[in-house]
Protein chains: 2
Amino acid sequence: MNNLTLEDIARNCGVSRSTVSRVINNHPNVSEKVRKRVEKEIKNTGFRPHAAARALVSQRSWTIGLVLPRSVQSFFTDPYYPRLIQGIAQGCNQKKYTLGLYLLTDAEDEEEIFPRISRSGSLDGVLFQSDQMGDQLIGKLAQSGIPMVIIGRPFQNEKLSYIDIDNVSAAKSAVDYLVDLGYKRIGTITGPLNTSVGVDRKIGYIQGLEGRGIRIEEKLIVEGDFTEEKGYEGMIKLLPAKPDAVFSASDRMAFGAIRALHDKGLRVPEDVALVGFDDLPVTNPVNPPLTTVRQPVYEFGIKAVEFLDDLITTGTTPPRRIIMGTEIVTRESCGARLKKIETQAK
Amino acid sequence: MNNLTLEDIARNCGVSRSTVSRVINNHPNVSEKVRKRVEKEIKNTGFRPHAAARALVSQRSWTIGLVLPRSVQSFFTDPYYPRLIQGIAQGCNQKKYTLGLYLLTDAEDEEEIFPRISRSGSLDGVLFQSDQMGDQLIGKLAQSGIPMVIIGRPFQNEKLSYIDIDNVSAAKSAVDYLVDLGYKRIGTITGPLNTSVGVDRKIGYIQGLEGRGIRIEEKLIVEGDFTEEKGYEGMIKLLPAKPDAVFSASDRMAFGAIRALHDKGLRVPEDVALVGFDDLPVTNPVNPPLTTVRQPVYEFGIKAVEFLDDLITTGTTPPRRIIMGTEIVTRESCGARLKKIETQAK
DNA sequence: ATAAAAATTGGAAGCGCTCCCAATTTTGGA
DNA sequence: TCCAAAATTGGGAGCGCTTCCAATTTTTAT
């Protein structure tokens, strides 16, 4: 039990509360002798300053919140979020923040949780996972004036600071890669088209083809939702259009697609080549290893915390944005029809 | 921006600070007239009491911590943890707690994070994922006197409150089920044997066989680590021993095992039957659907929070424990060699 | 109508800390 | 050695809230 206060330590050391405070906060003007004495006493007693008292007077809780809105139901099924949280947690450890997790599970939560999240002394800042449903809450939070970084591009409100990857050009680079390899009939299994991620990667696909003078065929585009199951279904739907390569907007859909191809007796990459998106660590090995667009999810989380910390420290306006780079990770699911390929995604 | 204080609201309403405080905290002795007036003012101004000030005077932060020690590296790859966190988050929402997430990534973290977790006004209580490496930290935390619930049975320290399932009897029930179905040569792919979960399920497997008078064969036991990959390998290793059924200590290992059997041209359940453990939601459909021991991970999380809340409210001693029930979910990976089967796990 | 009881309200103390400012001690140059 | 400047230290105010207690108002019983 830690019922000690600064005052107790001070008394035991024969100094004042202020001096002990200075020692704890590493203020320069404390004589070496006194500092040693106080530090020893703190160590002996296991004293730790009371967080709430500190937060009250310094108006800094050293806690940031991570809000995952209700519509992110895929939380426990998509490896993206755990990985992101890992990165954020790492970022918090580095910057000495505590991470508050706000998983909104139903509509009530969003109402009730608002006062807990908005500026009221409990959070120094908020990381908010972008999402079409959550945008309203984002607006309210922004009004409360709390420093906030949106993870992923927000939908309407462009006056917010956010961190994202450039989904359009990342997808475009994947398609370019396929074109460079000589593939002619390139299909895509998109993400959910009610998300900016899904839409952007589709746009990138289209731009990629158009940029190389290849005509877009509706038959070569099917909508998915990032899950393995939809990847399987999508591939089956795509087959009649006879693609020789497919850009899948997520790795998990690509895994499903590979399974579908196997079930139909088709080979990867000989019959159909495949490029995925994510490059998250997986446990179940895929055959063949998937060529994919790597997005640095972990680093993304760390960066998001650094960004938010910056906002907290130096102020919120004007809104800023950070775009993280992606890169193509070449493995075996695309073969190598041409000898020489330069690829680079930015 | 919320710079308002109780005092401001009080002044605007022509009442005292105390009265506003009473309104906010739903104290009974406030006249209806005044209460209405104050509530209106609070609503209009969007006033929210300062969390730190509240926490300071009431010695209650309404925040609990969830600590996942370093050795839980599988955090981002095992669906168990996201699901658990979902349950815990839900429990927190219900009980009006904020959830602080402490993901320890390296040894330093464990040192540095201790003062932030231990009793120092920032956390009302702690949920700690049990784990052989983390036990030392658990001990230190317990000494700090902070209310704590261990998730899963702790290793050494039996004087702590914990919540768990009965892994031994759950595993035993799975084996019983296989025996009832008429299988004779039942193998197992265990969890990692440096965890209590892994060991307990293995013990349950052994007890199940011995209870039915079946001899244990070392060749029918291989160690896994809960991952799909190890499940695959494990199945391959098991094959020379000619099992007609296998109890896998996790679903994911069972998926790997099914893949291995398919690759070897064997059918499930005709050639080898399979029982898994977990029954977490999965996205990639397995063929055949897996019969498994369901553990209520989500409910587990909710219960853990309720338990901790109880400890916080009514005191930590004596240590208590909660054991959650499991049940066998019958699907198609075991066939049904006998017509009549009663199964029940408790 | 009046006194006693009950309900409501306000004032003040204090939770444990930081930080300003003034008091004290130490240091260094003449 | 002495005095000004610099370094160190202590005291006090106050962060925004809850809660105790006393003061005031309202209600009830007589």
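This structure is a prediction, so every number in the text was calculated from the model and none was measured. The sequence lines fix the lettering, A, B, ..., with proteins before strands; numbering per chain opens at 1.
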- Rounded to whole angstroms, how far apart are CZ on B:Arg35 and P on C:dT8? 9 Å
- Side-chain donor or acceptor of A:Arg48 paired with backbone N/O of A:Gly46 under 3.5 Å: yes
- Backbone of B:Leu99 reached by a side-chain donor or acceptor of B:Thr63 within 3.5 Å: no
- Could you tell me whether B:Lys140 atom NZ has more than 12 heavy atoms of other residues or ligands within 6.0 Å of it? yes
- Task: Ignoring backbone atoms, test whether B:Arg54 places a side-chain nitrogen or oxygen under 4.0 Å from the OP1 or OP2 oxygen of D:dT18.
- Result: yes
- Message: Nearest whole Å is fine: how far is D:dT18 P from B:Asn29 CG?
- Response: 16 Å
- Would you check if the side chain of A:Ser144 reaches a backbone N or O of A:Ser118 as a donor-acceptor pair within less than 3.5 Å? no
- Task: Tell me which nucleotide among D:dG11, D:dC17, C:dC17 gets nearest to the side chain of B:Thr5.
- Result: D:dC17
- If only atom types and distance count, is the side chain of B:Ser58 paired as donor or acceptor with the main-chain N or O of B:Arg54 below 3.5 Å? yes
- Between C1' of C:dT18 and NE2 of A:His50, the distance in whole Å: 15 Å
- Item | A:Arg22 CZ - D:dA7 P separation (whole Å) | 14 Å
- Output yes when at least one side-chain N/O atom of B:Ser16 is less than 4.0 Å from OP1 or OP2 of C:dG10, else no. yes
- How close or far is atom P of C:dT9 from atom CG of B:Leu6, stated in whole angstroms? 16 Å
- Message: Under 4.0 Å, heavy atoms only, any strand: does B:Thr19 hit a base, just the sugar-phosphate, or nothing?
- Response: sugar-phosphate
- State which of D:dC15, C:dC17, C:dT18 makes the closest approach to the side chain of A:Leu56. D:dC15
- Using a cut-off of strictly less than 4.0 Å, decide whether A:Gln59 has a side-chain nitrogen or oxygen near OP1 or OP2 of D:dG16. yes
- Item | Residue mapping more 5' on DNA chain C - nearest nucleotide basis, B:Ser58 or B:Val30 | B:Val30
- Mind calculating the distance between CG (B:Asp8) and C1' (D:dG16) to the nearest angstrom? 10 Å
- Task: Can you check whether any acceptor in the base of D:dT26 is under 3.5 Å from a donor in the side chain of B:Ser31, or vice versa?
- Result: no
- Message: Can you measure A:Arg17 atom CZ to C:dG14 atom P for me and round it to whole angstrom units?
- Response: 14 Å
- Message: What is the separation between atom CD1 on A:Ile24 and atom C1' on C:dT18, rounded to the nearest whole Å?
- Response: 11 Å
